[in-house]
Amino acid sequence: MNIETRLVRPFLTDKEWNLSETTVKESSDSLDKRTGIGTEWLGWQTILEKPNDALLENMEAIGTEIHNKADIFIICGIGGSYLGARAVIEALTPEFNDRGPQILYTGHHISGRYLERLIAYLEKPKADGSDKQVYLNVISKSGTTMETALAFRILRKWMHDRFGDDAVLRIFCTTSKNGGALNKIVKAHGYRKFILPDDVGGRFSVLTPVGLLPIAAAGIDVKSLFYGAVECYQKLKTDRKNLIEYVTARYALYEKGFAIDLVTSFEPALTSMGSWLQQLYGESEGKNDKGLFPSVAQYTTDLHSLGQMVQDGKRNIMETVFKVVNEERTMKIPSEGNDYDGLNYLSGKFMEEVNDKAYQGTIQAHNEGGVPVFIANIDQLDAGSLGQAIYYFELATAIFVYCLDENPFDQPGVEAYKKAMYRLLGKED
Ligand code: PA5
């Protein structure tokens with residue numbers, strides 16, 4: 001995993017670069033020496049320093065059990081409790097998957113309509129007339145998040161009504177070691193429980209049971225994912241040149257007045273990685289009137305909605321483009337006798353070659369139009385490469401937020417809407 005800054009450098013003077021680099025190097029040192037803010041939250045690094053193979057094997061075993069038995073696997077969580085799993089699953093599970101369970105998400109909003117339709121879908125028999133086999137993983141560190149808790153309450157009842165005593169074997173809970181409502185529910189029902197260590201915050205938790213269990217249940221090799229991250233962690237301990245360059249460029253652009261970081265990819269399977277990064281950046285940076293606004297787009301799709309804005313709108317946008325370096329070539333363009341659509345000049349080429357030209361043309365046009373473009377090179381679309389990308393961006397986030405002189409690991413602002421909502425709902429404490 002590396003990030004190219006060649007399409008950013010011309011936007012910065014040497015002075016701006018050097019000033020930024022000094023701050024970034026200080027922030028990087030401060031993280032390493034554990035002298036910065038929020039050092040009690042560095043568990044996302046310690047899990048990679050001492051990999052817990054027994055945990056990985058357990059995740060793999062339970063994931064395989066769910067994978068083999070479930071027709072539907074429901075992931076119930078919000079924010080850092082589901083975005084990482086969703087990113088990896090959507091990147092690596094074939095779009096029209098007919099092997100393994102169908103994966104559905106809930107607990108990430110408060111739509112009654114969605115839940116009602118989800119349950120109707122769960123109740124609909126399979127083509128052969130038999131009942132769908134449903135498994136559920138609820139994930140909440142606090143155990144009290146309204147969106148997740150409400151969905152879990154409704155689905156828990158449905159699971160018990162439908163599967164009776166067997167429901168206990170189909171519900172898996174991931175939460176903190178102690179405390180929180182979810183722990184009380186686990187204790188009362190005897191569900192299987194997995195622990196999110198206290199020193200890992202939600203958005204840094206994809207390589208703990210929060211992400212590993214659902215990812216394993218989707219049939220993805222969690223050991224490769226985890227050890228991809230370990231490899232990146234070990235490398236970045238001694239060689240951080242590329243990462244320092246990336247954060248230097250990003251921080252210098254921020255200081256210069258750039259306000260928006262648009263995360264994009266030309267591979268739709270990577271759009272959810274963009275959403276994961278959006279949350280990692282957004283919740284970590286957005287404090288005390290600081291931070292870049294992270295946004296996500298899917299190209300070329302959104303070139304037909306946001307493209308005009310990116311090309312010609314207010315010049316305060318930078319782009320981060322995920323690029324799969326070793327992309328598989330899959331679909332050849334056929335030739336057609338009469339060439340009515342005028343596409344015969346492409347026949348014999350792969351769709352991927354055309355997409356690559358779209359990528360090259362877009363970054364060139366955007367760059368010439370005043371958009372600094374970071375190219376985030378992911379080696380290939382596999383678990384190991386995604387593991388590398390996950391750690392790379394976690395580290396880049398922590399260092400960037402230290403440059404802002406803020407705590408990368410808290411999210412005090414998220415409480416404001418909750419307080420207002422609870423007041424309106426008449427919650428007493
Ligand atoms: O990154 C975070 O800490 C948050 O996005 C949380 O993951 C999110 O708010 C969900 O919280 P919880 O896991 O406590 O339900």
Taking the side chain from [X] and the backbone from [Y], do they hold a donor-acceptor pair closer than 3.5 Å?
X      : Y      : value
Lys287 : Val401 : no
Thr320 : Val263 : no
Thr175 : Lys141 : yes
Ser205 : Val200 : no
Gln278 : Pro294 : yes

Think [X] forms a cation-pi with [Y], using NZ or CZ under 6.0 Å from the six-ring centre and within 45 degrees of its axis?
X      : Y      : value
Arg156 : Phe152 : yes
Arg170 : Phe163 : yes
Lys132 : Tyr121 : yes

Counting neighbours of [atom1] on [X] that are heavy atoms of other residues, nucleotides or ligands and sit closer than 6.0 Å, is the number greater than 12?
X      : atom1 : result
Lys237 : NZ    : yes
Asp239 : CG    : yes
Lys256 : NZ    : yes
Met309 : CE    : no
Lys126 : NZ    : yes
Lys177 : NZ    : no
Glu415 : CD    : yes
Arg153 : CZ    : no

Less than 4.0 Å between a side-chain N and a carboxylate O, is that true for [Y] and [X]?
X      : Y      : result
Lys25  : Asp29  : no
Glu245 : Lys241 : yes
Asp356 : Lys323 : yes
Lys223 : Glu57  : yes

Quick check on side chain to side chain donor-acceptor pair (under 3.5 Å): which of Asn242, Asn377, Asp379 does Asn2 satisfy it with?
Asn377

Return the CD1 to CD1 distance between Ile89 and Ile220, rounded to the nearest 0.5 Å.
5.5 Å

Could you measure the distance from the CG atom of Leu31 to the CD1 atom of Ile37? Nearest 0.5 Å is fine.
11.5 Å

Going by heavy atoms in the side chains, are [X] and [Y] under 4.5 Å from each other?
X      : Y      : result
Thr208 : Pro197 : yes
His160 : His189 : yes
Ile47  : Asn52  : no

If the plane angle is over 60° it's perpendicular, under 30° parallel, otherwise tilted; pick one for Tyr391 and Tyr233.
perpendicular

Step by step, would you call Tyr135 with Phe73 a ring-ring contact (aromatic ring centres under 6.0 Å, His included)?
CA-CA 5 Å; Tyr135 286 70; Phe73 175 54; 7.9 Å; no

State yes or no: are the ring centers of Phe409 and Trp41 separated by less than 6.0 Å?
no

